[in-house]
Amino acid sequence: MLPNVISKTITLEDGREIIIETGALAKQADGAVVVRMGKAMLLATVVSKKEAGEGVDFLPMSVDYQEKFAASGKIPGGFLKREGRLSDYEILISRIVDRAIRPIFPDDYHADTQIAITLMSADADVLPDCLAGLAASAALAVSDIPFNGPISEVRVAKIDGQLVINPTPTQLEKASLEFIVAGSEEYILMVEGEADEISEDEMVEAMQLAHEEIKRHCQVQKELTKAVGKEVKREYNHEKSDPALYEKMHAELYQKCYDVVSKQIANKSERSDLIKAIKEGFIESLGEEHEFESSLIGPYFSKIHKEAARNLTLDEKKRLDGRKLDEVRPIWSVVDYLPSAHGSAVFTRGETQSVTTCTLGTKMDEQMIDGAMISGYNKFFLHYNFPGFSTGEVKPNRGPGRREVGHGNLAMRALKKVLPKDEENPYTIRIVSDILESNGSSSMATVCAGSLALMDAGIQIKAPVTGIAMGMISDAKTGKYSILSDILGDEDHLGDMDFKVTGTEKGITACQMDLKVEGLDYNVLKEALYQAKEGRLHILREITKTLSAPKPDLKPHTPRSFIMTIPKELIGAVIGPGGKVIQEIQKDTGATIVIEEKDNAGKINIFSNDQDSMNAAISRIKGIVAQPEIGETYTGKVKNIMPFGAFVEFMPGKDGLLHISEIKWERLENMEGVLEPGEEIQVKLIDVDKKTGKFKLSRKVLLPKPEKTDN
């Protein structure tokens, strides 16, 4: 018997359709949908336990997005030939969905929840990442899991001056901005993307258009919820409560917390110790035997502390560390800090510090990408590391987590917009940011340090890029709000918005925004963007005191590059049979040589740390690709002696026949004792056979012609 499939359709402005189906697949999950667009199909499932774990006071939710290689008719590479751990690309999409979904679960819902989104079928003209959030929300919409949705995500891009929703990959190649925007019917939740130095107004315009499309997606999901009969969600009770304890704690501790935050202590550890002492003093005052629920003391104290800190900013316009709302912490920076690196920089802002390196490699150092949807090579990548000691913690080094992957990607997006074009930059570039201290926005410190490291390495970027993290504290009841520049870690925790924006003096290159509050007014958003601009420009002025433009040359120990273009038909001559010629040149000169066919010609990149090595490799290749000219004189080497003459290598890889009659003016009866193999002689190219292309050489024409004598 065929299943009862319920479907709803969303029609985009250009006529393309997104179809949401439920009832056919994965029916044992709490909610499951298939989202189709063209040939692309995503299966999204959600499962949530009925009860919360003992002592859990947060939402333990995981979101996993995975692309099956079979979806695009491919077999995975490597030895195992099966999908393994999520790629960075899949992790980034998982993070985008998580950041949009997590804030709108009920605050008191703490059951283990898992959302899985799988690309089952691919379409070369459909980018599936902008459908993943819609799929996850629709799976929740057809379940009985409590959820303050629905939400959706779309990609908005500006192409040829026009804003487009969910563009094709071909269209996206020409985009001057591209953001993935997530939101509910009422408000925007998340923004992530990059741009070609756009204005703040352009960014807001793109977000507004995206939100209008999101509203339509949410309405269709509501219709789907009604069609499957899931308007009523499951009942739950995941939080203990003790009103008497909270009232007692608030009465005794609120003012104490307010007094501490009012001191505006700049040092994070000192401020934290004073707050911790208040909590410990209260616990001691209760004694060992008391009538209250002990497990609630921690959550209630955090709530009271947060309220005190928020009120300080809302009521008195004061910040925890004593700064003005738009003030950036003190900055110092230095370049060329690591003498052996190709480029390096230290950037410190307040209690956040990044040591960043820039390493230049050859084409052989490019990152190979083998994914279900994306394959190819990447010549610019950025890695971000966040060790435990940067926050004074002890934690094992288990490699980069999702947070590290996300922060590194944001910084990479910010910097790649100012790199030289590929034809102007032969290098593979790797940026590594090691965070040595952290108290707010280490990803933006990475952007600043990355700009300095690139300029220190001598990479001719268009302009330096800086970034800043913005925060906001608001009260919907009173309408009060405060926008904070360069937020601390504590301000990130207690605030309603975390908004990172990067750019040059000219405009925005990347952004990442997460909202934790309903109903952000677009005028407030514009205010935050323009306040961020002032902060970015202030930071730009500070780092340009250290280095204002790229250094004119590379470091002495950096590989030099030389680019040659040769005729396509000569590529084989440079490579040689089985790579013999090019391997011999690399062995003899010490240079690294990379050849590729591009634009119907041969492109040769020569890399070397030594100029003599570079010159030797260039000379050898020029000798191979140089075209022999009739009438030119060459220094050749005798290769073989034959009865009728000798074969002479007069150019690298090019042999010509020196006939016995062309060796001397005098008649020679045979070749015995005339020439020796390996002997160097001067020869002249006198002809090229038009049919065979064989070269004819002469030695005698370079010798004085004997005068005629009468016999």
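- For the pair Cys448 and Thr466, the minimum side-chain heavy-atom distance is below 4.5 Å.
- To the nearest 0.5 Å, the span separating SG on Cys511 from CG on Leu529 amounts to 8.0 Å.
- At least one side-chain heavy atom of Thr113 sits under 4.5 Å from a side-chain heavy atom of Val46.
- In terms of modelled atom types and a separation under 3.5 Å, the side chain of Gln221 and the main chain of Ile151 share a donor-acceptor contact.
- Using a 30° and 60° split on the angle between ring planes, His383 and Phe381 fall in the tilted class, from 30° to 60°.
- Minimum interatomic distance between Ala136 and Ile117 (heavy atoms only, all atoms of both residues): CB-CD1, 4.0 Å.
- The closest donor-acceptor contact from the side chain of Thr362 to the backbone of Met364 lies under 3.5 Å.
- Look at Lys555 and Asp336 and you find a salt bridge, because one of the NZ, NE, NH1 or NH2 atoms lies within 4.0 Å of a carboxylate O, short of that distance.
- Taking every heavy atom of both residues into account, Val126 and Met373 meet most closely at O-CE, 3.6 Å.
- Phe105 and Phe147 have tilted rings, their planes meeting at an angle from 30° to 60° on a 0 to 90° scale.
- Within 6.0 Å of atom CG in Asp14, more than 12 heavy atoms from other residues, nucleotides or ligands are found, so the atom counts as buried in its surroundings.
- Here the side chain of Thr446 pairs no donor or acceptor atom with the backbone of Ala411 at under 3.5 angstrom.
- Within 6.0 Å of CD on Glu505 lie no more than 12 heavy atoms contributed by other residues, nucleotides or ligands.
- Across every non-hydrogen atom of Leu177 and Glu202, the tightest pair is CD2-O, 4.5 Å.
- A cation-pi arrangement is present between Arg403 and Phe386, with the terminal nitrogen or guanidinium carbon under 6.0 Å from the aromatic centre and inside a 45° cone about the axis.
- Of all the heavy atoms in Ile543 and Val465, the pair that sits closest is CD1-O, 4.5 Å.
- Between the side chains of Thr118 and Tyr65, no donor-acceptor pair is found at a separation under 3.5 Å.
- In this structure a side-chain-to-backbone donor-acceptor pair under 3.5 Å is missing from Thr544 to Leu547.
- In this structure, Lys215 places its NZ atom where more than 12 heavy-atom neighbours from other residues, nucleotides or ligands lie under 6.0 Å away.
- Between atom OG of residue Ser354 and atom CE of residue Met444 there is a gap of 11.5 Å, rounded to the nearest 0.5 Å.
- No donor-acceptor distance shorter than 3.5 angstrom exists from the side chain of Asp456 to the backbone of Gly343, with no hydrogens or angles considered.
- No side-chain donor-acceptor contact under 3.5 Å links Ser344 to the backbone of Ala341.
- Distance check, rounded to the nearest 0.5 Å: CD of Glu366 to CD1 of Ile369 gives 9.5 Å.
- A salt bridge does not link Arg402 to Asp98: none of the charged side-chain nitrogens sits closer than 4.0 Å to a carboxylate oxygen.
- Contact record, Arg536 with Thr502: CD-C, 3.8 Å, taken as the closest heavy-atom pair.
- No option in Ile10, Leu134, Leu131, Ile18 other than Leu134 meets the side-chain contact (heavy atoms from CB on, under 4.5 Å) test with Ser152.
- Ion pairing of Arg349 with Glu542 is absent here, as no side-chain N (NZ or NE/NH1/NH2) approaches a carboxylate O to less than 4.0 Å.
- With hydrogens and angles ignored, the 3.5 Å screen pairs a side-chain donor or acceptor of Asn166 with a backbone N or O of Arg155.
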